[in-house]
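Here the structure comes first, spelled out in structure tokens, and everything after it is commentary.
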Amino acid sequence: MRIPRGRRRPPPSLHLLLLFAALCFAALKTAAAAPRTGGTGEGGGGLASVTGSIMTWAAWPPKCAWLSLPTSGKSHSYTLVSKYHKIWKDTKDAIPAKDISRKEPVGGVIALKESMKYFDADFFNDSKLREMENGAKEFNVPAFRENRRLVAIKDGGLHDPSLLVFQSSWSSKSKVKESETFDYPQASMIQRPSNDEDIAFMSIIELGELIRTKKITSRELTDVFLRRLKRYGAVLESVITYTEDLAYKQAKEADDLLEQGKYLGPLHGIPYGLKDIIAVPQYNTTWGSKTFKNQVIDMEAFVYKRLKSAGAVLVAKLVTGSLAYDDIWFGGRTRNPWNIEEFSTGSSAGPTASTSAGMVPFAIGSETAGSITYPAARCGVTALRPSFGTIARTGVMSLSESLDKLGPFCRSATDCAIVLDAIRGADAGDPSSREIALEDPFHVDITKFTVGYLDSAEMEVVKVLSAKGAKLVPFKLNYTVESVQSILNITMDVDMLAHFDNWQREGHDDEYEAQDQWPVELRRARLVPAVDYVQAQRARGRLIREVQESFTVDAFIGNVTDWELVCLGNLVGLPIVVVPTGFKSIEHPPKGNTRRRTTVTTGIYAPPDHDHIALALAMAYQSVTDHHKQRPPIDAN
């Protein structure tokens with residue numbers, strides 16, 4: 001149907017017209033910058049080929065964010081000034097292309113032609129560029145502004161989630177969770193230790209048995225862990241907020257229930273911490289950022305509600321790197337309990353360091369690209385990055401709807417399974433969340449598994465699992481997609497910018513704690529056209545199909561901090577259990593004897609929705625080893 005000229009939609013190429021040439025010139029180095037870590041479609045048109053079988057298209061277009069062009073009918077140009085501020089001037093004559101670098105007023109078409117190379121789209125003639133300029137002013141910019149008004153005024157992505165829903169499952173059939181709870185093992189003959197240090201490093205199973213048999217109260221446990229949090233929190237820079245009043249209230253409720261003969265399960269009365277991107281009413285949820293340090297979000301995150309209903313006791317909001325990037329936050333930089341001279345790495349820095357140091361029995365963190373695996377490896381903690389969609393993220397700051405995952409840091413894989421069982425589930429506030437039919441990892445027969453091992457696997461794990469009856473074979477993931485790392489960066493950065501569009505527009509990136517991190521990446525994200533974001537998702541779909549075809553084992557063992565594997569695992573949605581496997585000497589030890597060590601870890605990976613396999617294998621390994629039971633020196637030599 002012919003659309004009347006006055007209402008004609010712009011051609012698809014107009015989505016490229018989203019950036020002033022001034023910003024392009026100023027951001028040249030940023031645009032050419034490599035991803036922050038490491039080096040970094042199927043043919044046919046139509047919806048199916050665009051989605052690559054990884055997205056459910058419930059709305060169009062996909063979320064994207066770029067700078068606006070002016071809507072005035074006048075001809076404009078601009079001069080670059082400091083900090084990319086724009087000064088608009090009326091102009092009549094275009095400046096030759098060779099004079100653009102003089103920062104003088106430039107005609108719209110000339111500026112547009114020069115800027116197109118930053119979108120890899122410098123193939124339009126002047127006539128087409130003028131049509132594109134007019135179309136962008138008339139159609140694109142008003143739509144952009146209206147959409148921002150509707151959904152982007154509030155930063156953080158807590159509201160109005162994208163309806164482009166990532167589905168990580170390799171099964172075409174939707175499953176429903178088959179059992180309400182796993183069949184947990186029960187500890188027996190557990191005695192209360194005589195000192196707080198020994199209590200602090202007990203497992204959830206052991207602490208739960210002390211609570212159940214009334215050998216310790218939740219109030220007493222809360223005292224123990226609050227004392228340790230206050231003793232070591234400042235040393236490790238791992239705590240943002242002590243939730244002391246709430247903790248004692250919840251501990252009293254747990255003790256009262258037990259007196260009434262009501263026992264809620266292994267988390268009844270157990271203290272824990274939350275990464276401070278997770279909302280808890282009446283307490284600051286700072287996102288680790290000075291911009292939001294006084295923010296209170298009046299909602300209960302899904303994961304917090306689940307833990308509260310299980311009887312767990314929240315004792316602290318723990319450090320997240322600023323806006324969930326690395327270990328730097330508005331109060332400092334979180335350190336590694338195994339070597340105080342090192343930093344913890346990863347934005348789940350507080351949950352990892354606090355669990356490692358015995359400041360909490362377990363904590364909840366998150367991962368978009370390495371924020372569970374990296375700090376768990378550095379701090380020697382058992383951790384689970386679950387299958388994408390396993391745990392609803394309602395009430396949690398969002399970086400990327402198709403990458404973000406919540407997961408537990410614990411003393412052991414057994415504890416990880418217990419916490420996972422309490423917090424898994426779907427919620428209407430998170431369209432990507434699912435009820436996944438996980439088998440009970442406590443009743444999985446690992447002798448039926450074929451387990452691959454990469455060249456990077458720790459061979460002790462291979463030998464132990466082989467001795468336990470699993471079939472171990474050399475393994476390699478085969479795929480042809482060479483852009484895995486850049487797909488991750490494009491996806492994460494554009495999604496993140498959509499959630500913090502207003503933050504950037506108001507100049508808050510200038511006050512960000514580490515200027516070489518989000519500020520650089522999110523400026524570069526402004527240069528990603530919508531079409532190339534979609535192409536990245538198509539390439540992601542191809543990667544997922546190739547990994548699925550190559551995944552010929554039940555699970556595999558490999559490095560947890562290899563950046564290519566981190567990117568691949570998050571793009572595909574693979575679950576992984578990080579397992580401590582030993583220690584080695586630090587590179588520059590202090591004089592005299594030292595207990596400081598570099599932790600050695602490996603990862604057990606499983607296909608999406610098969611977390612129980614990775615957990616069962618990790619539990620089998622830890623049943624005959626004790627690396628996960630060692631205690632760090634924290635601030636001692």
Side-chain angles (χ1 to χ4, degrees), residues 41-42 44 46-64 157 160-178 302-303 366-369 384-394 396 398-407 420 423-439 477 479 481 484 487-488 490-492 494-495 498-499 533-551 567-576 605-614:
E42 285 294 315
L47 205 55
S49 65
V50 172
T51 62
S53 300
I54 65 168
M55 296 256 186
T56 300
W57 234 248
W60 181 264
K63 65 180 184 302
C64 20
D160 301 300
S162 170
L163 293 183
L164 303 181
V165 179
F166 175 53
Q167 169 62 263
S168 64
S169 176
W170 289 351
S171 172
S172 60
K173 296 180 180 180
S174 179
K175 293 183 178 181
V176 178
K177 190 167 65 173
E178 295 170 346
F302 174 85
V303 68
S366 70
E367 171 157 330
T368 307
L384 169 67
R385 182 188 76 202
S387 295
F388 178 82
T390 303
I391 303 163
R393 303 159 301 181
T394 309
V396 180
S398 179
L399 272 68
S400 170
E401 279 103 341
S402 71
L403 292 170
D404 296 344
K405 296 159 291 291
L406 297 172
L420 174 66
I423 63 178
R424 63 186 173 122
D427 184 73
D430 179 1
S432 295
S433 60
R434 296 174 292 135
E435 298 287 355
I436 299 175
L438 293 177
E439 294 181 28
L477 276 175
Y479 52 93
V481 178
V484 171
I487 294 171
L488 185 286
I490 288 171
T491 303
M492 176 177 66
V494 173
D495 289 358
H499 299 142
Y533 178 89
V534 173
Q535 303 296 32
Q537 304 317 306
R538 296 177 72 191
R540 181 181 183 182
R542 172 174 288 189
L543 173 68
I544 291 172
R545 291 192 296 274
E546 292 181 352
V547 169
Q548 181 179 359
E549 292 169 0
S550 178
F551 212 116
C567 291
L568 181 147
N570 281 287
L571 287 170
V572 176
L574 301 180
I576 176 178
Y605 297 78
D609 303 351
H610 290 73
D611 307 49
H612 55 279
I613 294 179

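Phe302 contributes atom CZ, which lies 8.5 Å from atom CD1 of Ile391 (distance to the nearest 0.5 angstrom). Rounding to the nearest 0.5 Å gives a distance of 8.5 Å between CG of Asp495 and CG of Asp404. Remark: Arg434 CZ to Asp609 CG distance equals 4.0 Å, nearest 0.5 Å. Summarising the geometry, atom CD belonging to Gln537 is positioned 10.0 Å from atom CD belonging to Gln535; distances are rounded to the nearest 0.5 Å. From Glu435, atom CD reaches atom CZ of Arg424 across 8.0 Å, with rounding to the nearest 0.5 Å. One distance of note links CG of Leu477 with CD of Glu546; it measures 11.0 Å at 0.5 Å rounding.
Between Val396 and Asp430, every side-chain heavy-atom pair lies at or beyond the 4.5 Å cut-off. Counting heavy atoms from C-beta outward, Ser387 and Pro575 have side chains that approach closer than 4.5 Å. Contact of the Leu568 side chain with the Val481 side chain is not registered, since no non-hydrogen atoms from C-beta on lie closer than 4.5 Å. For the pair Val572 and Tyr479, the minimum side-chain heavy-atom distance is 4.5 Å or more. For the pair Leu571 and Ile487, the minimum side-chain heavy-atom distance is below 4.5 Å. Contact annotation: the side chain of Leu488 never approaches that of Thr368 to less than 4.5 Å [non-hydrogen atoms, C-beta and beyond]. Looking at heavy atoms from C-beta onward, Tyr533 lies in side-chain contact with Thr491 at the 4.5 angstrom threshold.
No side-chain N or O of Ser366 forms a donor-acceptor pair with one of Arg393 less than 3.5 Å apart. Using modelled atom types, one finds no donor on one side chain facing an acceptor on the other under 3.5 Å when comparing Asp427 with Ser433. Counted by atom type alone, Arg545 and Gln548 present zero donor-acceptor pairs between their side chains at under 3.5 Å.
Aromatic ring pairs are classed by plane angle as parallel below 30°, tilted from 30° to 60° and perpendicular above 60°; the pair Phe551 and Trp170 is perpendicular.
For the pair Val484 and Cys567, the tightest heavy-atom approach, listed with the atom from each and the gap, is CG1-CB, 3.8 Å. Residues Phe388 and Leu403 approach most closely at CE1-N, 3.7 Å, considering heavy atoms. Counting all heavy atoms, side chain and backbone alike, Pro608 lies closest to Leu574 at CD-CD2, 3.6 Å. Residues Ala369 and Met492 come closest through the heavy atom pair CB-SD, 4.2 Å. In terms of heavy atoms, Pro431 sits closest to Gly429 at CD-O, 3.8 Å. Residue Ala426 comes nearest to Ala392 through the heavy atom pair C-CB, 4.1 Å, listed as atom of the first residue, atom of the second, then distance.
The backbone N or O of Lys405 lies less than 3.5 Å from no partner atom in the side chain of Glu367, so there is not a single donor-acceptor pair.
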Start with the C-alpha distance between Leu406 and Ile423, add both sets of side-chain angles, then the distance that settles side chain to side chain contact (heavy atoms under 4.5 Å, CB included), and finish with yes or no.
CA-CA 9 Å; Leu406 297 172; Ile423 63 178; 5.7 Å; no
Please test Asn570 against Arg385 for side chain to side chain contact (heavy atoms under 4.5 Å, CB included), starting from the C-alpha separation and ending with a verdict.
CA-CA 9 Å; Asn570 281 287; Arg385 182 188 76 202; 3.5 Å; yes
